[in-house]
Every structure is written in C-alpha cells, then in structure tokens.
Amino acid sequence: MLKKLRKRSEFLAVAATGVRWVSPAFILQIGEPPSAPHPVRYGLTATRKIGNAVTRNRAKRRLRALAVEIMPHALPRDYVLVARASTPTYPFDSIRQDLRKALKRMKVERVMSRADSASGSSGLALDAPNPPAIPE
RNA sequence: UCAGACGGUCGGGUGAUCGCCUGUUCCUGCUUUUUUGGGAAUGGGAGGAAAGUCCGGGCUUCAGGGGAAAAGGGUGCCGGAUAACGUCCGGUUGAGGCGACUCAAAGGAAAGUGCCACAGAAAACAAACUACCGGCCUUACAGCCGGAAAAGGUGAAAAGGUGCGGUAAGAGCGCACCGCGUCUUUGGUAACAAAGACGGCAGGGAAAACCCCACCCGAAGCAAGACCGAAUAGGAGCCGCAUAGCGCAUCCCAAGCCCACGGGCGCAAGAGGCGCGGCGCUUUCCCCGCGCGCGGCUCGGGUAGGUUGCUCGAGGCGUUCGGCAACGAACGUCCCAGAUGAAUGAUCGCCCGUCGGGUCAGACCCCGACGACAGAACCCGGCUUAUAGACCGUCUGACUUU
RNA sequence: UGGGGGAUCGUCUAGCGGUAGGACAACAGACUCUGACUCUGUUUACCGUGGUUCGAAUCCACGUCCCCCAG
C-alpha cells in the first residue's frame, strides 16, 4: 500500500535526517524508521531551478511512474524523490536501475517473498541470490 | 514566376500494455447514523496563448442609504458596438510606403503658474552684437544722433514663405500665389471637408511639467466568503454593579416646610424619557441612521484540520434575418476539465514533418537524430508578451508569355 | 495563487529633464628601513527594448531579474 506525503512538515522531517542517495536523475531522501507501523509513503519535489511548470510537471510524472513501480518493494518508511535537471530527459530504464541500486545500497530493500517475485512480471530481479548483479 | 500586404484555420496522427483524476447509474462491505472502503458499466479529462497580471465585469464580504461633494486615480479626434473596458468596428486628420496597406496617449498653450541648460545681442515682456541707411563731426578711421529689422553668426527652436513693386536703407509698406486666422454658405449625426468673403499676420516649444475642461471610478479579494469544528482571546442573552458629562420636564421621596390631621409642597439618592454633546461605523467631510462600560452564569466562539464556494456560462455549434462592420435577434441542437505536494502519465510500434548520413545530383529505399512556445487553479471579455512548422482565402507591385 | 516593492561603479549609496557625485574597495605614487595609518592621483556604473522631448538615470509603455507579505 503506497501513500503520499502531503504536508510541508513531513517533507522537512525526511530531509532533516540527512540520509540520502544521489543519482544523475534524482536524489532519494529517506526518513527515520517509524515508531508506529505505517505503509510506505513517498513524496516528490521539483524546484524552480530545474525549469518551468511544464518541465517540473514532467519530472514529477516520470518519478511518480517510477515510484508506483518500485517503491512497494521498499521497507515501510518515508521517502522523498527530488527531481534534478536531467530527470525529464534521462532514459527511463537507467533511472529504474538507479533507483533499485539506491534501495539496495541504502539497505531499505524489502526481502522478496514468492508472491512478489511471481507477480513481478516487469522483470524486477530483486531476489536475494544475486545481490552483486547491479546493472551498470 | 518572384517580392510583398491583410485576414483566417490548425498547431502532430494512430494503435498496444500498464496506470491517474473525475461525473452519472448499479451492486456490495463496515458502521447507530453521518462519513467511508471495494467492484462493475458508461461519459469526460489543458491552451491559443492556460503565461504576464496590464485593464474591464460577474461573484463575495465590509449594518445600510443619500450627497452630479472633497481628496486620489484613470480616460482623452468623431460616431457606433458592448454587461463593461484603456477593447473592438466604421470614419476624420496627420505621418510612412510605388502600391495593397500600416502606424499615431490625436482635447486645451489668448484661464493661470513654472521651464527652455550651453551657445547667442536677444529664448518671448520685448529688444538690437556685427553688418545696412541718413545726418553731425573728421582728410580718413573712429565717435555721436536717428531710421530699420532684410542679411550675418548662435542654437533644437529667433515674430509667415516665394516673387514683383517700393525705399535713403528697409519692412505685409503694397500686390499675386501659398500658408495662417476670423466670418458666412454648402455637405456631413459629428470629427471634418469644400467654396467664398474679409484680415495684413494676430504670434515659439512643451500639457508622457503643474494644470484647465469633459467623462468615468467605494474598498478588498475565492488564501473573498459560508458551514462543521480540538485550543486561545474577544462577543450575545440574563442577573448584579456602575453610569463619562450638561440641560429640560416627569415619577418616586426616609431631610425640611405647611396643614382644617385626610393630606399637600418638596432637598438628596433612585428610575426611566427627551434634547445637546463624546467615541466608533473599512480614505476624508456633511446629512440620515446604527452601536456604546465592569463582574458572574449560560449560550457561544472559529485556530489546526475538514466540507463548501466549484463549475450551465454575457456558454459552444449550425441556420435564417437586420447591420458596411464590430455586433444583435430568432429558431434548432449539445453538455464539453474541476485537481488541491495539485490528475490528463510511463514504455513501445507504425504513419507525418524537418535535418543529417549511405551517394556527385534527382527519384526510391535504408539508418540515425529531433518534434515550437508552453500546464487550467473562482469564472468570463480584452490587451500584452512567447511560439517550430503547415494550410486556406483576398489583394498589391515587378518581370515574362499569350 | 493573490497582493506589494525594487534594480545607479566590485560593494553600500546620492542625484530639480541639461557634464552621473560620495564612501569603502582595487591600482599607482608620496611618506617609512619595511608594513599600517595618512596624503595625492587613476580605473570602473544608470537592468533591457521602444516612445515623448532639442535633450531621458529621471517622464510614459512593454519586458527581464530580484526581494517582501498572505501560507
């Protein structure tokens, strides 16, 4: 179950932890592990620095499409994806691989069950047996 | 064929897989109800500028109403269109272009005040540096007196222009033409135009300097406002207390006075009324009008959050009629975005267009890259700014051919 | 989204329509054995495009960028 961050205070709380992963097309910020259990929540940020309203919307749409596909496989925490200047033009496959790698490196990837791998028809190879197979 | 002018339309198309927001209808889970979860069917889902926020209007709130009021702001040739406008249409005048056509904040400078640096004799009251002419004086130059304002030079700008006459020299001093002003007539709703007569020239620029004249404008904005509502401070009702004055009369009345002992007059305090006054009432002033202090109890209050305002509208399309047109009228028909960390997407195939390469050129084919400006946020009418490219229509000029 | 304000040397600021001034900084020189202080001199600017005007930093229109308020 995916939920969205909706308040400025929630975004600030995630950024205040300082835990983040930088990639050419996005920055992933990760919040503290929740005291009370809640589903995975994510937020999107696109500042005025990366372009006008059309560019910002396009960046957020690509990141949203990515989050809907990948984020259910993360541990239940708060995540913020920050768009960068190359987000609207970067190849989608590369962004997808970068995000998977980020989750793996930051150790917030959830260990997959059989049902997840069976439903992962989109080629989501996040099984435990092949951790070094990081696509470059 | 080339070069242009004006107006209009579009601004990628199509399919597959996985998704997003939302209207309507139906089924269903939870729940006392409201709320809310899930599913199915079906409909819709960015723009010509959605942008800048430069104007105008709707809508909402500020108790309210009136004052051709004041301050402040805006507009500015004329007529029309419109809910309204600084917009649009038609015309006038001026400027630009061979032309189609385009552009113009285009009222008033004899209502008044102020400004016009430097240069120049002089920058608007007029006046006269050099030079010109006459007279006096002198051999002559110089000097003095007078005439005149054509010439020189300065400047962005110097008191109509050209020609002829005239004169000592000159000058609208006189005349002709042009310009300008006044008046009359004609045409036009008007701006204005044309013609005629008269005047001898009235008088510089600038009003995007102050200003005058005519007309228009209340302020704030959907984060307006309304509803549900943790918190906190103020509010309303009732009760009690207190009146911040002044004046007037009335009621009541333990001081006091009078008495025929029934009562009467009546100070202070109290009660409410009227008038004057004070403060506040969304820029100020005036008029009407409305409200007014402290404690307790009750009602309530409205921040976080949520719901609503929120999409049917000066609406789109078509036909006919009126109008040169902007536009208006009638009839028919359609429902066509409503998000809120903010939906309309991600990936791929084919087509279309442009560019590059395979190939010196053309055709065909193949490969690769690219796809203008740009994202609704309450809603409309405009303006302004950005914009790859494609298409259509009308018109102008030049050249060639017939 | 709505409302408001601003732009002048490298920085901070003055500026009646008529030569854009000052302070700090920089550079050079003087003073000193050297440096600092002080003194003298030099360099450097009107956000952009149009318009009004003889003439615009100033007045007007449009645009660009920045800042503030409401949250």
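Each chain gets a letter, A, B and so on, in the order its sequence line appears, and its residues count up from 1.
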| message | For A:Asp98 versus A:Ser23, what's the shortest heavy-atom pair and its separation? | response | OD2-OG, 3.1 Å
| field | side-chain hydrogen bond (donor to acceptor under 3.5 Å, both in side chains) involving A:Thr45 - partner list, sequence neighbours excluded | value | none
For nucleotides 345-349 of chain B, list the nitrogen or oxygen atoms of the protein found under 3.5 Å from its nitrogen or oxygen atoms, one pair per line.
{"from": "B:rA346", "atom 1": "OP1", "to": "A:Arg58", "atom 2": "NH1", "distance (Å)": "3.0"}
{"from": "B:rA346", "atom 1": "OP1", "to": "A:Arg58", "atom 2": "NH2", "distance (Å)": "3.3"}
{"from": "B:rU347", "atom 1": "OP1", "to": "A:Arg62", "atom 2": "NH2", "distance (Å)": "2.5"}

| message | Return the pairing partner of B:rA40 with a 3.5 Å limit on both distances, Watson-Crick or G-U wobble; otherwise return none. | response | B:rU25
| task | With the side chain counted from C-beta on, respond yes when A:Phe26 and A:Val82 share a heavy-atom pair under 4.5 Å apart, and no when they do not. | result | no
| field | Base paired to B:rG94 (Watson-Crick or G-U; both N/O distances under 3.5 angstrom) | value | B:rC103
| Paired nucleotide for B:rA214 [Watson-Crick or G-U wobble; both distances under 3.5 Å] | B:rU75
| request: Could you work out the separation of B:rG160 and C:rC62 based on their C1' atoms and round it to a whole Å? | output: 42 Å
Between protein and nucleotides 371-374 of chain B, what N or O pairs are separated by less than 3.5 Å?
none

| query | What form does the base of B:rA325 take, syn (within 90° of 0) or anti? | reply | anti
| Are any non-hydrogen side-chain atoms of A:Tyr79 and A:Met71 less than 4.5 angstrom apart? | yes
| field | Interatomic distance, A:Leu99 atom CG to A:Ile70 atom CD1 [nearest 0.5 angstrom] | value | 5.0 Å
| field | B:rA109 and B:rA176, which share atom name C1', separated by this distance in whole Å | value | 34 Å
| field | Rounded distance [0.5 Å steps], NZ in A:Lys101 versus OG in A:Ser94 | value | 10.5 Å
| query | If anything within 90° of 0 is syn and all else is anti, what is B:rG48? | reply | syn
| message | Does the structure show a Watson-Crick or G-U wobble partner for B:rG174, both distances under 3.5 Å? Name it, or say none. | response | B:rC164
| query | Between B:rA3 and B:rA326, how far is it from one C1' atom to the other, in whole Å? | reply | 33 Å
| said: Strictly by Watson-Crick or wobble contacts shorter than 3.5 Å, is anything paired with B:rA156, and which nucleotide is it? | reply: none
| query | Between B:rA69 and B:rC227, how far is it from one C1' atom to the other, in whole Å? | reply | 42 Å
| field | Between B:rC324 and B:rA81 - C1' atom distance, rounded Å | value | 14 Å
Quick one: side chains of residues 60-68 of chain A, donor-acceptor pairs under 3.5 Å with protein atoms, not counting sequence neighbours, listed by atom name and distance.
{"from": "A:Arg62", "atom 1": "NH1", "to": "A:Thr87", "atom 2": "O", "distance (Å)": "2.8"}
{"from": "A:Arg62", "atom 1": "NH1", "to": "A:Pro88", "atom 2": "O", "distance (Å)": "3.3"}
{"from": "A:Arg62", "atom 1": "NH1", "to": "A:Tyr90", "atom 2": "O", "distance (Å)": "2.7"}
{"from": "A:Arg62", "atom 1": "NH2", "to": "A:Tyr90", "atom 2": "O", "distance (Å)": "3.2"}

| What is the pairing partner of B:rU87, taking Watson-Crick or G-U wobble pairs with both distances under 3.5 Å in any strand? | B:rA81
| query | What integer distance in Å separates A:Asn57:CG from B:rA50:C1'? | reply | 12 Å
| field | For A:Val19, all residues meeting side-chain contact (heavy atoms from CB on, under 4.5 Å), sequence neighbours excluded | value | A:Thr17, A:Ile30, A:Met106
| query | When you compare B:rA158 with B:rA124, how far apart are their P atoms, in angstrom units rounded to a whole number? | reply | 15 Å
| task | Taking atom P in both B:rG341 and B:rA337, compute the distance separating them and give it to the nearest angstrom. | result | 23 Å
| A:Lys60 NZ to B:rG19 P: how many Å, rounded? | 23 Å
| query | Does the side chain of A:Arg20 reach to within under 4.5 Å of the side chain of A:Leu28, using non-hydrogen atoms? | reply | no
| said: I want to confirm an ordering. Mapping A:Thr55 and A:Gly43 to their closest nucleotides on RNA chain B, which one lands closer to the 5' end? | reply: A:Gly43
| field | Syn or anti for C:rU11 (syn when the glycosidic angle lies within 90° of 0) | value | anti
| For B:rG356, the Watson-Crick or wobble partner whose two distances fall under 3.5 Å | B:rC367
| query | Is the glycosidic angle of C:rC65 within 90° of 0, making it syn, or outside that range, making it anti? | reply | anti
| query | What is the distance, rounded to the nearest whole Å, between atom CG of A:Asp78 and atom C1' of B:rG341? | reply | 14 Å
| message | Measuring only the C1' atom in each nucleotide, how far is B:rG155 from B:rC177? A whole number of Å is fine. | response | 32 Å
| Pairing pattern in dot-bracket form [Watson-Crick, G-U; both distances under 3.5 Å; | = partner strand] for RNA chain C | (((((((..((((....[..)))).(((((.......)))))....(((((..]....)))))))))))).
| With both distances kept under 3.5 Å, what pairs with B:rC285, Watson-Crick or G-U wobble? | B:rG67
| query | Which glycosidic conformation, syn or anti, is assigned to B:rG262 if syn requires a torsion within 90° of zero? | reply | syn
